[in-house]
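To start, the structure under review is shown below, and the notes come after it.
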Protein chains: 2
Amino acid sequence: MAVHPSHRVTIIDVARHANVSAGTVSNALTGKRPVAEETRARIMQAIRDLGYQPNLLARGLVNQRSQTVGVVASGLDYYGPSRTLIGIDQEANALGYALLLDLLHSPMEANVDTVLNVLSARRVDGIIWAVHEIGNNRAWVASERLNRLPPIVFLTMHPQPGVAVVNTDNYLGAKMATQHLLELGRCSIGLISGPLVWWEARERQRGWRDCLLAAGREASDNLTVLGDWRAASGEAGLMALIEARPEIDAVFVANDEMALGVLRAAHRLGKRVPEDLAVVGYDNMPDVPYFWPALTSVRPRLLEVGKLAIQTLHSIVEARRQNQEISTPEVQTLGPELIVRESTVGDPPTGK
Amino acid sequence: MAVHPSHRVTIIDVARHANVSAGTVSNALTGKRPVAEETRARIMQAIRDLGYQPNLLARGLVNQRSQTVGVVASGLDYYGPSRTLIGIDQEANALGYALLLDLLHSPMEANVDTVLNVLSARRVDGIIWAVHEIGNNRAWVASERLNRLPPIVFLTMHPQPGVAVVNTDNYLGAKMATQHLLELGRCSIGLISGPLVWWEARERQRGWRDCLLAAGREASDNLTVLGDWRAASGEAGLMALIEARPEIDAVFVANDEMALGVLRAAHRLGKRVPEDLAVVGYDNMPDVPYFWPALTSVRPRLLEVGKLAIQTLHSIVEARRQNQEISTPEVQTLGPELIVRESTVGDPPTGK
DNA sequence: TTGTAGGCGTTATCAA
DNA sequence: TTGATAACGCCTACAA
């Protein structure tokens with residue numbers, strides 16, 4: 001048996017081997033036309049004998065669809081984006097799509113055109129845009145460019161007419177976190193925010209503010225500190241916050257990493273959590289239950305976001321293929337969940 | 001301007017528009033044959049006018065190469081695998097490959113054949129196998145199957161003749177960690193290991209043991225506890241370890257997540273880190289500097305692993321295309337780095 | 001330097 | 001139920 005068959009086995013080889021025409025083999029494989037049972041058996045045997053693999057490039061060429069979805073993402077070294085990608089992969093597998101992955105090194109990067117061109121040239125059936133909305137890095141969405149591209153589903157962005165979006169509800173998540181702190185009887189609830197050029201950061205800030213105002217509380221600027229999502233900025237953030245408002249007894253932190261920094265700062269300052277300071281994070285990363293103390297956090301349903309994104313894309317692709325109306329709503333938002341742990345209510349079991 | 005051009009613009013449209021033949025357009029695009037400067041300009045203009053995108057499916061079909069690399073990975077919700085994937089993506093971009101991503105939900109899964117068939121059918125130029133070696137989930141590597149597949153580069157696996165492997169040196173990393181603890185004068189150094197069906201876990205265990213034995217120390221079984229990589233098992237692990245060997249004053253933990261659990265257990269037991277117990281982790285996740293106390297950890301060079309994997313694959317692909325000998329060594333191993341922090345040497349700045 | 005023709009591996013159409 | 005034939009969009013000899 002030759003190790004490198006000089007001639008990749010094609011559908012024609014199979015046809016010859018089974019004494020039928022290539023068309024019949026194709027029919028047996030795709031099931032689009034009936035094939036006699038006896039013939040089909042012969043064909044299947046030939047396929048096994050020859051180790052035939054259909055060439056999906058050729059198939060895509062004639063079918064005008066590649067069964068491929070382009071995924072443009074960034075920040076994969078964070079937990080959230082990875083998690084979403086897993087959801088995307090699972091559902092794509094289920095629906096028979098392959099994933100063409102494209103990572104943007106910096107989400108602000110302007111090489112959007114290059115990426116879109118590549119995906120377009122590879123004739124992906126659709127695109128999932130999983131790059132965080134930062135500054136005006138979505139400006140191109142309004143452009144006429146969009147019409148010349150395959151269907152796109154956007155993740156976590158400000159709703160925009162004519163654009164399919166799947167969101168996780170950052171506003172609600174922040175509200176739930178803040179409400180929880182209010183219900184614990186906390187008087188002065190600070191916020192350590194993400195950079196406000198991020199849409200998600202703005203949404204979480206808005207949730208925190210609206211919740212406080214609705215309760216007749218103060219939500220002034222010096223209760224807020226800007227972080228950069230990293231733990232270091234959470235640590236510095238708490239220091240600054242306490243400097244400005246020493247009476248603070250709770251803080252909502254816009255992500256878990258910064259919350260880790262907050263916990264560290266609290267330890268250094270000798271503040272007890274949650275007695276002196278209650279802390280809520282966001283993202284519910286896998287290791288927050290083992291922080292010291294275990295961190296109360298908001299869990300966005302990222303796996304579902306990924307799955308829903310592919311489902312939505314699929315239905316758009318199908319609708320367009322059949323020139324039907326699109327039945328999916330333009331914006332779909334998944335509600336989060338608050339997971340309460342020691343950093344707001346518990347005494348961590350201490351001492352032996 | 002029609003929103004859905006009924007007829008995707010092809011190289012022939014461009015040719016007509018520019019008053020040349022399709023072949024000339026192709027030459028202008030690929031640069032494989034000279035084209036008069038004046039003609040080329042006309043062609044480029046036509047391409048812009050028409051918004052032409054070459055069809056890479058068709059190109060792949062005739063060229064017999066798709067400029068695509070299949071990446072099979074798992075555990076993407078952990079930091080390590082994501083990091084490696086980023087490296088893979090970066091280098092693939094640089095070399096002009098697109099990435100076809102395939103995630104295995106369980107790394108022990110037996111559906112290896114399905115995955116390989118899909119990749120094979122899509123005519124990827126090569127494959128990167130980034131699934132952790134667990135149990136005998138690499139058994140297929142020895143099979144004749146391998147010869148019927150495109151070139152494959154394996155990540156983190158036990159070297160095997162005839163197989164290209166890119167590794168990070170788990171054995172050395174564990175040795176460095178243990179050596180560090182020895183040099184601090186620690187007397188009784190425990191190990192919290194990963195599941196021993198993982199090759200990497202065995203390597204790290206071996207490093208710990210050999211280092212201790214080389215120093216004339218004890219490395220007996222009751223200095224070892226098995227974990228499952230998750231924080232919970234680290235927490236339970238330290239409890240068990242101290243139960244068995246109360247005199248323990250240092251522990252090497254096979255990953256950072258479990259180390260987080262160990263820190264938590266130490267707090268609960270009232271043990272001071274590092275005074276009573278020095279702790280070293282593995283992976284150097286981004287948030288370990290903000291653990292309490294900051295965690296000393298081994299940093300594997302994962303980004304480089306990803307890049308090197310693609311480079312290696314690329315050179316194998318090229319060599320095979322030209323029927324040359326493969327010039328890359330079969331096994332390439334990248335050494336790790338030990339990052340020392342408070343959990344072994346420091347006093348975390350405490351109180352104000 | 002450019003044009004023409006044939007083929008890459010499939011599927012779809014039209015007959016048989 | 002099956003077979004021949006013509007696309008799908010591109011590249012590459014071979015000719016001009």
Side-chain angles (χ1 to χ4, degrees), chain A residues 5-44 46-47 50-68 117-118 120-125 321, chain B residues 5-44 46-47 50-68 117-118 120-125 321:
Chain A
S6 55
H7 172 70
R8 258 281 200 186
V9 21
T10 78
I11 203 172
I12 295 188
D13 301 317
V14 175
R16 255 198 293 270
H17 197 84
N19 261 316
V20 289
S21 76
T24 304
V25 176
S26 172
N27 292 334
L29 244 28
T30 63
K32 295 193 183 164
R33 302 212 168 290
V35 170
E37 197 41 62
E38 193 260 339
T39 325
R40 137 171 284 111
R42 232 169 46 236
I43 291 175
M44 291 312 181
I47 288 179
L50 270 40
Y52 167 70
Q53 299 270 23
N55 184 330
L56 296 196
L57 296 182
R59 188 178 279 177
L61 184 57
V62 46
N63 282 346
Q64 303 280 52
R65 59 184 334 211
S66 59
Q67 297 284 46
T68 297
N117 283 341
V118 169
S120 195
R122 293 194 180 264
R123 295 299 187 271
V124 295
D125 297 334
R321 249 167 58 85
Chain B
S6 55
H7 171 71
R8 258 282 202 185
V9 22
T10 79
I11 203 171
I12 296 188
D13 301 316
V14 174
R16 256 199 292 271
H17 196 84
N19 262 314
V20 291
S21 74
T24 306
V25 177
S26 171
N27 292 333
L29 245 29
T30 63
K32 294 192 183 164
R33 298 208 174 290
V35 170
E37 197 40 61
E38 193 262 339
T39 326
R40 138 171 284 112
R42 234 169 44 236
I43 292 175
M44 290 315 180
I47 289 181
L50 272 40
Y52 167 71
Q53 299 270 25
N55 184 329
L56 296 195
L57 296 181
R59 189 179 279 176
L61 184 56
V62 45
N63 281 346
Q64 303 280 54
R65 59 185 331 211
S66 60
Q67 298 285 45
T68 298
N117 283 341
V118 169
S120 195
R122 292 194 179 263
R123 296 299 189 272
V124 295
D125 297 333
R321 247 168 58 82

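In what follows, chains are A, B, ... by sequence order, proteins preceding strands, each numbered from 1. Just so it is clear, the values below take in all heavy atoms, side chains as well, and ignore hydrogens, waters and symmetry mates.
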side-chain contact (heavy atoms from CB on, under 4.5 Å), that's the test. Do A:Arg321 and A:Gln64 meet it? Break it down for me.
CA-CA 10 Å; A:Arg321 249 167 58 85; A:Gln64 303 280 52; over 6 Å; no

Passing option when A:Ser66 is tested against B:Leu57, B:Asn55, B:Leu56 for side chain to side chain contact (heavy atoms under 4.5 Å, CB included):
B:Leu57

Contact class for A:Asp13 vs. all strands (heavy atom < 4.0 Å): base, sugar-phosphate, or nothing?
nothing

Students should find this one: the first and last nucleotides of DNA chain D, 5' to 3', lying under 4.0 Å from a heavy atom of chain B. What are they?
D:dG9 to D:dA13

Under the salt bridge (charged side-chain N to carboxylate O under 4.0 Å, His left out) rule, collect the residues that match up with B:Arg33, sequence neighbours excluded.
none

Salt bridge (charged side-chain N to carboxylate O under 4.0 Å, His left out) contacts touching residues 20-29 of chain A (sequence neighbours left out)
none

Where do B:Asn117 and A:Gln53 come nearest, in terms of heavy atoms and distance?
OD1-NE2, 3.1 Å

Given that A:Thr10 and B:Thr39 both sit by DNA chain C, which one's nearest nucleotide is further toward the 5' end?
B:Thr39

After noting the C-alpha distance and the side-chain angles of A:Val20 and A:Val35, does the key distance pass the side-chain contact (heavy atoms from CB on, under 4.5 Å) rule?
CA-CA 11 Å; A:Val20 289; A:Val35 170; over 6 Å; no

Where along residues 20-28 of chain B does a heavy atom come under 4.0 Å from DNA chain C, residue by residue in number order?
B:Val20, B:Ser21, B:Thr24

Using the test salt bridge (charged side-chain N to carboxylate O under 4.0 Å, His left out), find all partners of A:Glu38 that sit at least two apart in sequence or belong to another chain.
A:Arg42

Salt bridge (charged side-chain N to carboxylate O under 4.0 Å, His left out) involving A:Arg40 - partner list, sequence neighbours excluded
none

Going 5' to 3' on DNA chain C, which nucleotide is the first and which the last to come under 4.0 Å of a heavy atom in chain A?
C:dG9 to C:dT13

Mind listing the side-chain donor-acceptor pairs of residues 9-19 of chain B below 3.5 Å, one per line with the distance, residues two or more places apart or on another chain?
{"from": "B:Thr10", "atom 1": "OG1", "to": "B:Ile12", "atom 2": "N", "distance (Å)": "3.0"}
{"from": "B:Asp13", "atom 1": "OD2", "to": "B:His7", "atom 2": "NE2", "distance (Å)": "3.2"}
{"from": "B:Asp13", "atom 1": "OD2", "to": "B:Thr10", "atom 2": "N", "distance (Å)": "2.7"}
{"from": "B:His17", "atom 1": "NE2", "to": "B:Asp49", "atom 2": "OD2", "distance (Å)": "3.4"}

A:Arg59 meets the side chain to side chain donor-acceptor pair (under 3.5 Å) criterion, sequence neighbours left out, with none

Mind jotting down which residue pairs meet the side-chain hydrogen bond (donor to acceptor under 3.5 Å, both in side chains) criterion with at least one end in residues 22-32 of chain B? Sequence neighbours excluded, please.
B:Ser21-B:Thr24

Is there a side-chain contact (heavy atoms from CB on, under 4.5 Å) between B:Arg8 and A:Arg123? Walk through the geometry before answering.
CA-CA 11 Å; B:Arg8 258 282 202 185; A:Arg123 295 299 187 271; 3.7 Å; yes

Determine the contact category for B:Glu37: base if any of its heavy atoms lies under 4.0 Å from a base atom, sugar-phosphate if only primed atoms, P, OP1 or OP2 are that close, otherwise nothing.
nothing

Give the dot-bracket line for DNA chain C from 5' end to 3' end: parentheses for intra-strand Watson-Crick or G-U pairs under 3.5 Å, square brackets for crossings, | for inter-strand pairing, dots for unpaired.
||||||||||||||||

DNA chain D-proximal residues of residues 55-64 of chain B, any heavy atom under 4.0 Å:
B:Asn55, B:Ala58, B:Arg59, B:Val62, B:Asn63

